[in-house]
K.L.:
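The structure is given below, and queries will be raised subsequently.
This one's a predicted model, so the numbers in the text were calculated from it and none came from an experiment. Just so it is clear: chains get the letters A, B, ... in the order the sequence lines come, proteins before strands, and each one is counted from 1.
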There are 2 protein chains.
Amino acid sequence: MDKDLTFKQRQVLEAIRRFQQENGYPPTMRELAELLGMASAAGIHKMLLSLQEKGVLRRREGGKSRSYHIVGDEAAPGRGRTRPCPIIGNVVAGMPELAVEEREGELYLDSDWVGQEDIFLLRVRGHSMIDADIRDGDLLVVQLTQTCRNGDIIIAMLDEEATVKRFYREKERIRLQPENQTMQPIYIPGDDPGFRIIGKVKGLLRKY
Amino acid sequence: MDKDLTFKQRQVLEAIRRFQQENGYPPTMRELAELLGMASAAGIHKMLLSLQEKGVLRRREGGKSRSYHIVGDEAAPGRGRTRPCPIIGNVVAGMPELAVEEREGELYLDSDWVGQEDIFLLRVRGHSMIDADIRDGDLLVVQLTQTCRNGDIIIAMLDEEATVKRFYREKERIRLQPENQTMQPIYIPGDDPGFRIIGKVKGLLRKY
DNA sequence: GAAAAAAGTGAACATCTGTTCAAAAAAGAC
DNA sequence: GTCTTTTTTGAACAGATGTTCACTTTTTTC
């Protein structure tokens, strides 16, 4: 696909790539012209159009400055490869609107790893899940969902307070099992209005 | 150093970062203003100046459009804030050249989280570190280094085989301690040529 | 060599972009 | 409360930038 490019066109492409690499943003047409020793921006303009037709160059919006990027270049806008995920210090009432006050920051995570669903990162407080090898200070990747299966590790609101527990549905009640031998399970009647499932744990991040 | 930023200034910084991440080039002042719901570019202009004075923002040349970049992200200009990290299935002889045959794939990770050093991801086999809450199948973030301190979790080559152990330097020998009560420590004479430290564990990724 | 395509020029124009200024609103500090 | 700092607005301006046009030069193709 690169074979039907002329020498000049390849030169322009290479100049764009180098400029982006060195400066962190794409060049303007006149900057490109000067870089290639040309006197007018019009020639570059024509060249960029033909490069666009051949599919090797793209621009996000017409008319905007510095908006060209090379197709297939890693430096190009990689929508989809990674996504920003907010770090929540504490789950608070009003979820899943993710109260902004509790935002610690955000991490960009690989979409291949966390998937496309609505997620956030929750910092673990305490040792209630130590038998599941989840430690104090770990970050949990939480997927917002109401549906979960027996044995899932979930985040639940229980009377305005958030907890991480393993979920089991029993006959007339729900059992929330802490993964810590020294702690007792919590039983929820089926009709408890103070109980609400926020989401389930899909992954874990730990920093040493 | 980030502590003397106002809330608004931090908001502006975050908007710049996100725009750069999504589009591959920095925003103009008016684009920023619209993004933040402001009516004029002048406010943004003043804000960028103060951010510049505080040293968190820089521009390559005055007067040029879209030429601002965030100081923390400047280490990898144009590469955004994530970096590709190879996933290694097994550590093999010949490291740290990271034999390509063993590459399982790669994940893009947040530079804020993994830092700028040379790293790779190693998949854990077995349960030798279960007492350190590291499970079979976890991915370890390994920083390539020869220097490590007592108590560090390290990756070491021992007679052509890779192991994950906790590192302790004793009088005339090195003790490699498995974090599993049922396993015995390994002792290495100080002059063992078959022993080599690959790196140390900086983080952990787990998927449920 | 003739014809066609590609590359380049120079000028003009509309819009975008950064910058400045005066003033007002909002938020904190005291 | 008063005062100061921060934040926002609106307008205006200069220069930068993308675009178009007519035309010339160079290169390629037949």
Side-chain angles (χ1 to χ4, degrees), chain A residues 1-20 22-70 77 100-101, chain B residues 1-16 18-20 22-70:
Chain A
M1 106 145 80
D2 264 26
K3 284 305 163 195
D4 48 349
L5 291 182
T6 68
F7 176 71
K8 274 294 169 189
Q9 288 172 343
R10 215 164 309 200
Q11 221 173 352
V12 171
L13 216 59
E14 196 49 40
I16 296 176
R17 187 172 279 132
R18 185 171 315 187
F19 189 100
Q20 169 79 51
E22 285 196 5
N23 298 288
Y25 49 87
T28 65
M29 295 183 183
R30 282 180 178 81
E31 282 169 345
L32 260 185
E34 188 181 10
L35 225 56
L36 295 171
M38 291 165 56
S40 167
I44 294 292
H45 181 252
K46 204 181 295 185
M47 199 139 303
L48 293 186
L49 285 183
S50 61
L51 281 172
Q52 228 175 156
E53 279 177 14
K54 294 190 177 179
V56 295
L57 205 62
R58 213 169 281 170
R59 82 184 316 183
R60 188 150 263 264
E61 246 177 310
K64 296 289 183 178
S65 69
R66 302 187 193 275
S67 57
Y68 279 101
H69 65 267
I70 299 172
V100 178
E101 294 76 24
Chain B
M1 117 149 65
D2 264 25
K3 281 307 162 195
D4 48 349
L5 291 183
T6 68
F7 178 73
K8 272 295 168 191
Q9 288 172 341
R10 215 165 307 204
Q11 220 173 354
V12 171
L13 214 60
E14 197 49 40
I16 296 176
R18 185 170 311 194
F19 189 101
Q20 169 78 51
E22 286 201 1
N23 299 289
Y25 50 86
T28 65
M29 296 183 184
R30 282 179 178 80
E31 284 169 344
L32 261 184
E34 189 182 8
L35 225 56
L36 295 171
M38 290 165 56
S40 167
I44 294 292
H45 181 251
K46 203 179 293 186
M47 200 139 303
L48 294 185
L49 285 183
S50 60
L51 282 172
Q52 220 172 332
E53 279 178 15
K54 294 189 177 178
V56 295
L57 205 64
R58 213 169 281 168
R59 80 186 317 184
R60 188 150 261 263
E61 247 178 308
K64 296 287 183 180
S65 70
R66 302 187 193 274
S67 57
Y68 279 102
H69 63 269
I70 296 171

K.L.:
Between B/T28 and C/dC16, is there a contact of a side-chain N or O with OP1 or OP2 at under 4.0 Å?
P.N.:
no
K.L.:
Taking atom types as they are modelled, is there a donor-acceptor pair under 3.5 Å from the base of D/dG10 to the side chain of B/S40?
P.N.:
yes
K.L.:
What's the CZ-P distance between B/R66 and D/dA16, to the nearest Å?
P.N.:
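Nearest whole value for this atom pair: 17 Å.
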K.L.:
Without decimals, in angstroms, what is the distance between B/M29 CE and D/dT17 P?
P.N.:
13 Å
K.L.:
Atom OH of B/Y25 to atom C1' of C/dT17: distance rounded to whole Å?
P.N.:
14 Å
K.L.:
Looking only at heavy atoms, which two atoms of A/Q9 and A/S50 are closest? And how far apart?
P.N.:
NE2-OG, 3.3 Å
K.L.:
Identify the two heavy atoms, one from B/A41 and one from B/R30, that lie closest to each other, and give their separation to 0.1 Å.
P.N.:
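Minimum heavy-atom contact is CB-CG, 3.5 Å.
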K.L.:
Tell me whether the side-chain N/O atoms of A/Q11 come closer than 4.0 Å to OP1 or OP2 in C/dA7.
P.N.:
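For A/Q11, the contact criterion (side-chain N or O under 4.0 Å from OP1 or OP2 of C/dA7) is not met.
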K.L.:
In whole Å, I'd like the distance from the CG atom of B/L48 to the C1' atom of D/dT7.
P.N.:
13 Å
K.L.:
Please check the phosphate of D/dG18 (OP1 and OP2 only) for any side-chain N or O of A/H45 closer than 4.0 Å.
P.N.:
no
K.L.:
Search all heavy atoms of B/A33 against all heavy atoms of B/S40 and return the closest pair with its distance.
P.N.:
CB-O, 3.6 Å
K.L.:
Ignoring hydrogens and geometry beyond distance, is the side chain of B/K46 in donor-acceptor contact with the base of D/dT8 at under 3.5 Å?
P.N.:
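For B/K46, whose side chain was compared with the base of D/dT8, there is a donor-acceptor pair (under 3.5 Å).
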K.L.:
For C/dA7, does OP1 or OP2 lie under 4.0 Å from any side-chain N or O of A/R10?
P.N.:
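For C/dA7, neither OP1 nor OP2 has a side-chain N or O of A/R10 closer than 4.0 Å.
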K.L.:
Just to confirm, is there a sub-4.0 Å distance from OP1 or OP2 of C/dG8 to any side-chain nitrogen or oxygen of A/K8?
P.N.:
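Result: yes.
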K.L.:
Just how far, in rounded Å, is C1' of C/dA7 from CD of A/E53?
P.N.:
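Rounded to the whole Å, the gap is 15 Å.
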K.L.:
Take B/Q11 and B/M47 through the test side-chain contact (heavy atoms from CB on, under 4.5 Å) and record every step on the way to the result.
P.N.:
CA-CA 11 Å; B/Q11 220 173 354; B/M47 200 139 303; over 6 Å; no
K.L.:
Over how many whole Å does the gap from A/L13 atom CG to C/dA7 atom P extend?
P.N.:
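So the CG-P distance, A/L13 to C/dA7, works out to 13 Å.
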K.L.:
What are the two closest non-hydrogen atoms of B/P27 and B/F19, and how far apart are they?
P.N.:
N-CD2, 3.4 Å
K.L.:
Quickly work out the A/K64 NZ to D/dT17 C1' distance and round it to whole Å.
P.N.:
12 Å
K.L.:
Does A/R30 have a side-chain nitrogen or oxygen under 4.0 Å from the phosphate oxygens OP1 or OP2 of D/dA16?
P.N.:
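No, A/R30 has no side-chain N/O under 4.0 Å of OP1/OP2 on D/dA16.
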K.L.:
Scan A/A42 against the nucleic acid and name what it touches under 4.0 Å (heavy atoms): base, sugar-phosphate only, or nothing.
P.N.:
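Base: the residue A/A42, judged by heavy atoms under 4.0 Å, touches a nucleobase.
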K.L.:
Could you state the CD1-P distance from A/I44 to C/dA6, rounded to the nearest angstrom?
P.N.:
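Going from CD1 in A/I44 over to P in C/dA6 covers 16 Å.
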K.L.:
Pick the nucleotide of DNA chain C nearest each of A/M47 and B/A41; which residue has the one closer to the 5' end?
P.N.:
A/M47
